Amino acid sequence: MSGRLVRLVCTAAVAAGAVLVPPPAAAAPGPGTGERPVSALLTDLQRLYREAEKATETYDATEEKLTRQRAEVTRLDTELTRTRLALRDSRGAAGRLAREQYQNSSALSPYVRLLLARDPQQALDEGHVIGQLAQERAKTVGRLTGDEKKADDLARRARKALDDQLALVARQKKNHDDVQKRLKDVEELLVSLTPQQIAAVGDLEKSGVDTAQRALVTSGALGDEREPSRAGDRAVRYAVQQLGKPYRWGAAGPESYDCSGLTSQAWGHAGTPVPRTSQEQWARLPKVPLDRLRPGDLVVYFPEATHVAMYLGAGKVIQAPRTGEQIKVSPIASFPILGAVRPDGDQAPVTEAR
């Protein structure tokens with residue numbers, strides 16, 4: 001099944017097609033770029049792309065926190081409304097209690113009333129009833145006090161949650177602006193290059209990836225081919241269906257994706273929710289050695305874990321690479337590998353689950 005799936009994916013990838021970078025609208029060389037070595041241009045371009053992706057992952061993390069914070073604000077507001085209604089009822093009950101106590105007040109203590117009663121037993125029975133009423137009144141007062149404390153506490157928490165939400169909104173805007181700045185830097189460099197320079201940069205990058213891929217494969221670091229789990233198979237099939245869709249920072253489908261948007265959506269549709277960002281996927285999911293990779297596992301790149309792709313088998317991954325590109329099948333060594341994680345942990349491969 002694994003080999004057949006890889007062949008299917010590779011066929012779809014050829015049909016979808018992809019380019020290294022979008023051709024610029026104008027190719028007038030910028031100052032100094034005409035004399036610079038192609039290797040220096042590639043280094044600059046890769047650095048700018050990496051900075052843009054790092055900023056994108058930061059934006060995604062803030063967006064995820066903001067989503068959770070909005071839900072918390074809504075939850076606290078709902079709970080506060082219910083508590084205020086309960087408080088209103090408790091205050092009504094306390095008001096009725098106060099009126100009844102005022103209307104039935106007497107200057108004689110229960111002990112004096114017992115001594116003066118014609119029927120002491122009846123007085124004792126009445127005293128028992130009075131005692132029960134006193135207990136009910138005490139409960140009413142206690143409930144009122146508890147509701148007031150709860151309402152005050154919830155009001156403070158709701159205000160704090162709203163303040164935190166506003167702070168996240170401000171942080172999100174800052175992250176958004178940072179991504180835009182990084183992408184503008186990429187665009188400015190691309191526009192400064194001639195078509196020949198862009199082609200040369202693309203050829204050099206491909207050559208570097210091919211060299212890294214050969215070294216990885218011949219080293220035996222990838223191990224033998226393995227079957228995916230049922231959930232992994234579903235995640236791969238979902239990712240394959242997205243081939244050819246554009247990369248867009250901050251996107252998680254269905255029309256476009258960034259790198260972690262693709263992997264998180266694929267595993268979510270497979271019934272195994274994973275964190276939204278590549279950094280959280282690396283931090284929170286079970287690690288797996290490269291020589292035990294199976295389709296569906298996530299391969300994480302760069303020391304800061306700022307890029308992620310999904311393993312397909314046969315040394316290939318499917319990924320949403322970067323701005324200007326489409327979701328495509330790539331060599332696993334397209335970027336420096338940090339490690340790999342397995343969203344479904346120890347779930348058995350398909351062949352063992354049958």
Side-chain angles (χ1 to χ4, degrees), residues 21-22 43-77 157-191 239 242 245-268 273-285 298-310 319-327 334-336 338-339 341 343:
V21 290
T43 298
D44 285 350
L45 189 58
Q46 289 177 332
R47 174 181 56 80
L48 293 175
Y49 273 127
R50 185 176 171 186
E51 289 175 354
E53 188 156 42
K54 183 177 180 180
T56 296
E57 289 297 294
T58 301
Y59 173 89
D60 289 343
T62 303
E63 175 68 20
E64 189 176 28
K65 289 178 183 176
L66 183 56
T67 298
R68 290 197 301 266
Q69 192 62 33
R70 283 171 175 153
E72 177 67 3
V73 168
T74 300
R75 186 190 70 79
L76 287 172
D77 285 346
R157 289 166 59 192
R159 284 194 296 271
K160 174 66 165 56
L162 183 58
D163 289 343
D164 290 346
Q165 177 178 316
L166 294 175
L168 283 171
V169 169
R171 187 193 305 176
Q172 184 190 43
K173 183 182 183 305
K174 181 178 181 300
N175 295 154
H176 178 279
D177 293 344
D178 190 28
V179 175
Q180 293 291 80
K181 178 183 181 303
R182 305 294 179 184
L183 293 178
K184 184 178 180 182
D185 291 341
V186 173
E187 180 183 357
E188 288 177 351
L189 178 56
L190 289 174
V191 168
Q242 315 313 312
K245 291 185 178 180
Y247 175 100
R248 184 169 67 84
W249 69 270
E255 300 303 325
S256 56
Y257 299 83
D258 62 20
C259 67
S260 56
L262 176 64
T263 55
S264 62
Q265 286 297 309
W267 272 100
V274 300
R276 169 64 176 88
T277 68
S278 60
Q279 292 169 329
E280 284 298 298
Q281 289 170 9
W282 172 249
R284 292 166 54 186
L285 298 178
L298 304 183
V299 182
V300 184
Y301 298 92
F302 300 113
E304 304 91 347
T306 51
H307 186 70
V308 63
M310 180 178 291
Q319 61 168 331
R322 57 197 180 191
T323 296
E325 295 197 38
Q326 300 171 338
I327 295 174
S334 293
F335 304 105
L338 175 62
V341 293

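The model shown is predicted, which means the values in this text are computed figures rather than measured ones. Note that the numbering runs from 1 along the sequence shown for the chain. For the numbers below, each heavy atom of this structure counts, side chains included, while hydrogens, waters and symmetry mates do not.
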Dump the intermediate steps for salt bridge (charged side-chain N to carboxylate O under 4.0 Å, His left out) on D185 and K181, then the final yes or no. CA-CA 6 Å; D185 291 341; K181 178 183 181 303; 3.5 Å; yes
Stepwise salt bridge (charged side-chain N to carboxylate O under 4.0 Å, His left out) check, E53 with R50: CA-CA 5 Å; E53 188 156 42; R50 185 176 171 186; over 6 Å; no
Test side chain to side chain contact (heavy atoms under 4.5 Å, CB included) applied to K174 and D178, step by step: CA-CA 6 Å; K174 181 178 181 300; D178 190 28; 5.8 Å; no
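Pairing each heavy atom of T277 with each of A61, the nearest pair is CG2-N, 3.5 Å. Shortest non-hydrogen contact noted between V308 and C259 is O-CB, 3.5 Å. Of all non-hydrogen atoms in Q279 and E57, the two that sit nearest each other are N-OE1, 4.2 Å. S256 and R248 make their closest contact through OG-NE, 3.2 Å (heavy atoms, listed as atom of the first residue, atom of the second, distance). The shortest non-hydrogen separation linking M310 to A266 is CE-CB, 3.6 Å.
Side-chain atoms of K245 do not come within 3.5 Å of backbone N or O of I327 as any donor-acceptor pair. When atom types are taken as modelled, the side chain of E325 and the backbone of A320 share no donor-acceptor pair closer than 3.5 angstrom. Between the S278 side chain and the A305 main chain, a donor and an acceptor come within less than 3.5 Å of each other.
No side-chain heavy atom of W267 sits under 4.5 Å from any side-chain heavy atom of Q281. For the pair L66 and R70, the minimum side-chain heavy-atom distance is below 4.5 Å. The shortest side-chain heavy-atom distance between E188 and V191 does not fall under the 4.5 Å cut-off. Contact annotation: the side chain of E304 never approaches that of W282 to less than 4.5 Å [non-hydrogen atoms, C-beta and beyond]. With contacts defined as side-chain heavy-atom distances shorter than 4.5 Å, the pair T306/T58 does not qualify. Between P275 and L285 there is a side-chain heavy-atom pair separated by less than 4.5 Å. With contacts defined as side-chain heavy-atom distances shorter than 4.5 Å, the pair T263/V274 does not qualify. Within the 4.5 Å cutoff, the side chain of Y247 has no heavy atoms near those of the Q319 side chain.
Aromatic ring pairs are classed by plane angle as parallel below 30°, tilted from 30° to 60° and perpendicular above 60°; the pair H307 and F302 is perpendicular.
Ion pairing between R276 and D258 holds under the 4.0 Å rule for side-chain N and carboxylate O. Salt-bridge check for D164 with K160: passed, with a basic side-chain N closer than 4.0 Å to an acidic carboxylate O. At a threshold of 4.0 Å, the pair E51-R47 counts as salt-bridged, since one of the basic side-chain nitrogens sits closer than that to a carboxylate oxygen.
Of the N and O atoms on the side chains of Q242 and Y257, at least one donor lies less than 3.5 Å from an acceptor on the other residue.
No more than 12 heavy atoms of other residues, nucleotides or ligands lie within 6.0 Å of CD in E187, so this atom counts as exposed by the packing criterion.
For the side-chain hydrogen bond (donor to acceptor under 3.5 Å, both in side chains) with N175, the lone residue among T62, T56, D60 that qualifies is T62.
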